[in-house]
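All remarks here apply to the structure that follows.
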Amino acid sequence: MLYPLRLQPVYKDYPWGGRSLETLRGPIATPGILAESWEVSCHPNGASIVLDGSLAGIALPDVIARFGGTLLGLSVATHAGADFPLLAKFIDAREPLSIQVHPDDAYAQAHEGWSHGKNEMWYVVAAATGSELVVGLRPGTTRPQFAEAVASGRCESLLRSVPVFPGDVIDIPAGRLHGIGPGLLIYEMQQNCDLTYRVYDFGRRDAKGNARPLHIAQALEVIDFDDPTDAVLRRSDPLPVAASAARGRVGFRPLVSNAYFQVEEWTVATDSAAIFTADGERFRILTAVDGAGRILYVQEDGTRGSVGFRTSDSLLIPAALGRYEVEGPVRFLQSLPGEEP
């Protein structure tokens, strides 16, 4: 019997990270750097484990192997088979990340033997004063100009940096050069791919004094030098939700929608609920970014079920769950897989 699956995060200790995730979820037993928290993942570099219920302790790939399209959805299973298409994560940038770019599907398949490239989006959860993101190149920058700047150590002068604030949303399609500045806590939704081509790493070295590898040749092949980079969406007041889809005070903000994923922000007040129907076509990923809530649903045998969650918790909503309600007070992001070309 399937139910909303609360998942154990997979932590990554990349050198630029810190421990800001503890400001969201409280003390974390894992020691050291917590640069990333992979919230919902079937990637071989870190698969999620179910935390609660009859499937507790089972890895997400094994749950998918057991339930298939009932969990993923008929639409997803048709074009992806048993391949889980998305990866959700938090990113804690104590220091700046590398300046990097990701390949698209065609390049990943032709050159890396991986079925997906990496389109992604960022939602700014928290930002220190003066925080910035790198989003593309300065207008008019050509491939030869950028290649020469990288070779001579001057590429920072050609980057387009933008100030950002909590609630800002940035779309990062494959081919868009990008980087996360220090002092930012980001929620990222992406394709299920871990391919990154670094072009600049701020002279960073590991504990043994070794520089991390760069991938300049690959990056120059995949960077979109015609990218307009008009990509930052500012926070706006949530839209009111029709009475048929809500109980009480509920707001909705569409964030990013493309061929790979659709991401929405929902706000639900105390004594209110957002009402959804998982119709069997696509699973959903729900992540709380503020407050605490509860998911109410009806089990296959007709009994009512509920799952509580709090800030930074992520849940996988099975495609065949049917009607479910999310009670507040909570602000959460809900993501669905898109219809890949």
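Nothing here was measured: the structure is a model prediction, and the numbers come from that model.
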Residue pair Leu21, Ile28: steps toward the side chain to side chain contact (heavy atoms under 4.5 Å, CB included) verdict: CA-CA 8 Å; Leu21 280 166; Ile28 298 172; 4.1 Å; yes
Spacing of Ile91 atom CD1 and Trp38 atom CH2 [to the nearest 0.5 Å]: 10.5 Å
Under the salt bridge (Lys or Arg N to Asp or Glu O under 4.0 Å) test, residues paired with Asp104 that sit two or more places apart: none
Modelled atom types, side-chain donor and acceptor of Glu39 and Ser41, under 3.5 Å: no
Sidechain-backbone polar pair: Gln109 side chain, Ala106 backbone, donor-acceptor under 3.5 Å: no
Note, Val307 side chain near Arg294 side chain (heavy atom, < 4.5 Å): no
Leu51 reachable from Phe84 in the ILVMFWY side-chain graph, under 4.5 Å edges: no
Residue pair Gln299 / Thr303, side-chain donor-acceptor N/O under 3.5 Å: yes
4.5 Å side-chain heavy-atom contact, Val150 and Tyr200: no
Common cluster, Ile180/Ile33, ILVMFWY with side-chain heavy-atom separation under 4.5 Å: no
Residues that Tyr14 engages under ring-ring contact (aromatic ring centres under 6.0 Å, His included), provided they are two or more places apart: Trp16
Heavy-atom donor-acceptor pair, Asp92 side chain to Arg19 backbone, under 3.5 Å: yes
Glu36 side chain near Glu188 side chain, heavy-atom distance below 4.5 Å: no
Val330 side chain near Arg310 side chain, heavy-atom distance below 4.5 Å: no
Connected via hydrophobic side-chain network under 4.5 Å: Val289 and Val263: yes
Check: His111 and Gln218 side chains under 4.5 Å, non-hydrogen atoms: no
Salt bridge (Lys or Arg N to Asp or Glu O under 4.0 Å) partners of Asp52, counting only residues at least two apart: Arg6
Side chain to side chain donor-acceptor pair (under 3.5 Å) partners for Thr287, two or more places apart: Tyr187, Ser314
All side chain to side chain donor-acceptor pair (under 3.5 Å) counterparts of Asp201, not counting sequence neighbours: Arg204, Arg212
Sequence neighbours excluded - salt bridge (charged side-chain N to carboxylate O under 4.0 Å, His left out) pairs with any residue from residues 218-227: Arg176-Asp227
Side-chain donor-acceptor pairs of residues 272-279 under 3.5 Å, sequence neighbours excluded:
from   : atom 1 : to     : atom 2 : distance (Å)
Ser272 : OG     : Arg249 : N      : 2.8
Ser272 : OG     : Thr270 : O      : 3.3
Asp279 : OD1    : Glu281 : N      : 3.1

Evaluation steps, side chain to side chain contact (heavy atoms under 4.5 Å, CB included), between Tyr123 and Leu333: CA-CA 9 Å; Tyr123 176 95; Leu333 306 182; 3.8 Å; yes
Distance-minimising heavy-atom pair for Ser157 and Arg154: OG-O, 2.8 Å
Pairwise distance CD1(Ile49) to CD1(Ile58) - rounded to 0.5 angstrom: 9.5 Å
Check: Arg284 side chain, Ile317 main-chain N or O, donor-acceptor pair, under 3.5 Å: no
CG/Asn258: more than 12 non-hydrogen atoms of other groups inside 6.0 Å: yes
Interatomic distance, Leu296 atom CG to Glu325 atom CD [nearest 0.5 angstrom]: 6.0 Å
Shortest non-hydrogen separation from Tyr107 to Pro103 and the atoms involved: CD2-CB, 3.7 Å
Residues that Tyr3 engages under side chain to side chain donor-acceptor pair (under 3.5 Å), provided they are two or more places apart: none
Side-chain heavy atoms of Leu71 within contact of Phe283, under 4.5 Å: no
Worked check of side chain to side chain contact (heavy atoms under 4.5 Å, CB included) between Arg331 and Thr311: CA-CA 9 Å; Arg331 176 162 47 92; Thr311 302; over 6 Å; no
From His43 atom NE2 to Asp194 atom CG, the distance as rounded to the nearest 0.5 Å: 4.5 Å
Worked check of side chain to side chain contact (heavy atoms under 4.5 Å, CB included) between Leu7 and Leu315: CA-CA 6 Å; Leu7 299 167; Leu315 301 101; over 6 Å; no
With sequence neighbours excluded, residues passing salt bridge (Lys or Arg N to Asp or Glu O under 4.0 Å) with Arg198: none
Transitive ILVMFWY side-chain link Ile216 to Phe202, under 4.5 Å: yes
Chi angles and distances behind the side-chain hydrogen bond (donor to acceptor under 3.5 Å, both in side chains) call for Glu120, His178: CA-CA 11 Å; Glu120 63 190 28; His178 59 278; 3.2 Å; yes
Flag side-chain contact, heavy atom, 4.5 Å: Lys118 against Thr196: yes
Euclidean distance, Leu5 CG relative to Ile285 CD1, rounded to 0.5 Å: 11.0 Å
Partner set under side chain to side chain donor-acceptor pair (under 3.5 Å) for Asp168, not counting sequence neighbours: Arg234
Residue pair Phe261 / Asn119: nearest heavy atoms and the distance that separates them: CE2-O, 3.4 Å
Main-chain N/O of Ser312 paired with Arg25 side-chain donor or acceptor, under 3.5 Å: yes
Contact check, side chains of Phe90 and Leu24, non-hydrogen atoms, under 4.5 Å: yes
Heavy-atom donor-acceptor pair, Arg253 side chain to Glu264 backbone, under 3.5 Å: no
Hydrophobic cluster identity match, Phe309 and Val50, side-chain contacts under 4.5 Å: yes
Nearest non-hydrogen partners of Leu239 and Pro254, listed with the distance: CD1-CD, 4.2 Å
Asp105 vs Tyr260, side-chain hydrogen bond (donor to acceptor under 3.5 Å, both in side chains): CA-CA, chis, key distance, verdict: CA-CA 11 Å; Asp105 290 359; Tyr260 302 99; 3.3 Å; yes
Residue list, salt bridge (Lys or Arg N to Asp or Glu O under 4.0 Å) with Arg205, at least two apart or on another chain: none
Considering all heavy atoms, the nearest Leu185-Ser20 contact: CD2-O, 4.2 Å
Nonpolar side-chain network containing Leu195, other nodes, edges under 4.5 Å: Trp114
Residue Asn210 excluded, over 12 heavy atoms near CG under 6.0 Å: yes
Separation of His102 NE2 from Ile172 CD1 (nearest 0.5 Å): 8.0 Å
